[in-house]
K.L.:
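Dropping the structure in here first, questions after.
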There are 2 protein chains.
Amino acid sequence: MSDLLERLREQGWRLTAQRRVVAEVLNGQHVHYTADEVHARAVERLPEIARATVYNTLSELVALGEVLEVSTDGRAKRYDPNAHHSHQHLVCSRCGTIRDVHPLGDPLATLPESERFGFAISEATVTYRGVCPNCT
Amino acid sequence: MSDLLERLREQGWRLTAQRRVVAEVLNGQHVHYTADEVHARAVERLPEIARATVYNTLSELVALGEVLEVSTDGRAKRYDPNAHHSHQHLVCSRCGTIRDVHPLGDPLATLPESERFGFAISEATVTYRGVCPNCT
DNA sequence: AGCCTACATTGGACATTGTCCAAGTCAAGA
DNA sequence: TCTTGACTTGGACAATGTCCAATGTAGGCT
């Protein structure tokens, strides 16, 4: 954790109480919070932190590659602090549980040139859906 | 197309001018519109159609399985009329445009047994992201 | 240690997307 | 053609996110 803050500071990130709190809220979570959930938890530690600051900080962490932005439904984006291991998601269609999985091969390689339509493609994400053992 | 309307009518769908226009806008598109884009195009044909009606109609088409709802970013959901052919999506990370694409191989096959954790997996969706020609 | 100043934070207004509802309208069966 | 229940409308409201001018402050400099 302090590794993270240290790394960011070396990249010229000014280390403020607000940013520290946001980073602490994200750290080590097994659930992915929405921005407002992060804000709610940050407020518990630093009562006057503004919503805009949380949004700003999350965007910065995403831009710096420290956190992933995940949008599972059409609603609020969620923030995944586990950005350093490339992984895909396995989702239970009954209960919504999400597991991280590691497929074979490079998903990007599966799209032939003729199907790229002039896009400069940089990323491919795969979501597997099925019924988990608990819901069977 | 009239097939679609016919099928819906047989399911008890009341066939109104508004619904017809929404279905016509969606028909045969390989680029997927947001609800507001559908509304904008519907207005060209039926000037007084309400935004709420477009939202209602799209939700009904999704519930009836005639259209897929795709939410790739945290922004507006998009509607995919091509619900009867398996395909994947190519998304512009700038403007959010979505195209249908057909990758090589079966995405389901990329997840080894050891990574399935007892799930009965039935589906895999792949989302390719990049910058489209218009946004370059 | 104290001062500067560029960068960060704040709070509120605004934007986008979507939902809800009461009142009016109309498709389609009798 | 008449009736009726389903559909549409327009506007209010909700959820999420963005922007901005005023204020505060971290960290470098002396």
Side-chain angles (χ1 to χ4, degrees), chain A residues 2 5-25 32-43 45-64 66-67 69-79, chain B residues 2 5-25 32-43 45-64 67 69-79 91 93-98:
Chain A
S2 45
L5 294 178
E6 197 55 38
R7 236 181 307 145
L8 294 174
R9 203 156 62 83
E10 278 162 13
Q11 295 183 33
W13 222 51
R14 184 176 289 184
L15 190 44
T16 67
Q18 290 84 349
R19 287 173 167 182
R20 206 184 329 252
V21 164
V22 169
E24 282 171 14
V25 167
H32 305 336
Y33 295 138
T34 64
D36 268 357
E37 285 167 354
V38 171
H39 178 236
R41 283 167 179 78
V43 160
R45 307 187 190 203
L46 187 67
E48 290 313 307
I49 190 172
R51 219 165 49 97
T53 300
V54 172
Y55 277 92
N56 288 340
T57 303
L58 289 171
S59 299
E60 287 156 9
L61 287 170
V62 169
L64 291 167
E66 295 293 341
V67 162
E69 206 171 58
V70 181
S71 74
T72 50
D73 47 15
R75 304 169 73 186
K77 291 182 222 168
R78 289 171 179 273
Y79 294 87
Chain B
S2 45
L5 294 177
E6 197 54 37
R7 237 182 305 146
L8 294 173
R9 204 157 60 84
E10 277 161 12
Q11 294 184 34
W13 223 50
R14 183 176 290 182
L15 189 44
T16 66
Q18 291 83 351
R19 287 175 168 181
R20 204 180 335 247
V21 164
V22 169
E24 282 171 13
V25 166
H32 306 326
Y33 297 136
T34 63
D36 268 357
E37 285 166 354
V38 172
H39 178 236
R41 283 169 177 76
V43 160
R45 308 186 190 203
L46 188 67
E48 289 313 306
I49 189 171
R51 219 166 49 99
T53 299
V54 172
Y55 276 92
N56 288 340
T57 303
L58 289 172
S59 298
E60 287 155 9
L61 288 170
V62 169
L64 291 168
V67 162
E69 205 173 59
V70 184
S71 78
T72 51
D73 48 17
R75 299 159 76 186
K77 291 183 221 168
R78 289 170 180 271
Y79 294 87
V91 181
S93 19
R94 296 258 171 86
C95 67
T97 293
I98 300 180

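Nothing here was measured: the structure is a model prediction, and the numbers come from that model. Convention: sequence-line order gives letters A, B, ...; per-chain numbering from 1.
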K.L.:
Based on the rotation axes of five pairs at each end, what angle does the helix from dA1(C)-dT30(D) to dA30(C)-dT1(D) bend through, to 10°?
P.N.:
30°
K.L.:
Please give, in whole Å, the distance from dA6(D) P to Leu15(B) CG?
P.N.:
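My rounded result for the distance is 17 Å.
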K.L.:
Can a donor-acceptor pair be found, under 3.5 Å and without considering hydrogens, that links the side chain of His39(B) to the backbone of Ile49(B)?
P.N.:
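Yes; judged by distance alone, with no hydrogens or angles, the pair exists.
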K.L.:
Are any side-chain N or O atoms of Arg19(B) and backbone N or O atoms of Arg14(B), one a donor and one an acceptor, separated by less than 3.5 Å?
P.N.:
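Pair found, side chain donor or acceptor close to backbone of Arg14(B).
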K.L.:
Find out whether Val70(A) and Tyr79(A) are in side-chain contact, i.e. whether some heavy atom of one side chain is under 4.5 Å from a heavy atom of the other.
P.N.:
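The answer is no; the side chains never approach within 4.5 Å.
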K.L.:
Taking Thr57(A) for the side chain and Thr53(A) for the main chain, is one N or O donor matched with an acceptor at less than 3.5 Å?
P.N.:
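Yes.
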K.L.:
Atom CZ of Arg20(B) to atom C1' of dA28(C): distance rounded to whole Å?
P.N.:
13 Å
K.L.:
What I'd like to find out is whether the side chain of Arg20(A) reaches to under 4.5 Å of the side chain of Leu5(A), using heavy atoms alone.
P.N.:
yes
K.L.:
So, is Tyr55(B) near the phosphate of dT19(C), with a side-chain N or O under 4.0 Å from OP1 or OP2?
P.N.:
no
K.L.:
So what does Arg78(B) hit on the nucleic acid, given a heavy-atom distance under 4.0 Å: a base, only sugar-phosphate, or nothing?
P.N.:
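Counting heavy atoms under 4.0 Å across all strands, no contact is made by Arg78(B).
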K.L.:
Any sub-3.5 Å donor-acceptor pair from Glu24(A)'s side-chain atoms to Val21(A)'s backbone N or O?
P.N.:
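The answer is no, because no donor-acceptor pair under 3.5 Å joins these two groups.
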K.L.:
Any salt bridge linking Glu69(B) with Arg78(B)? Criterion: basic side-chain nitrogen under 4.0 Å from a carboxylate oxygen.
P.N.:
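A salt bridge is absent here (no side-chain N lies under 4.0 Å from a carboxylate O).
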K.L.:
Determine, for nucleotides 4-13 of chain C in 5'-to-3' order, which nucleotides have protein heavy atoms under 4.0 Å from the base (write B), from only the sugar-phosphate (write S), or from neither (write -).
P.N.:
--BBSSBB--
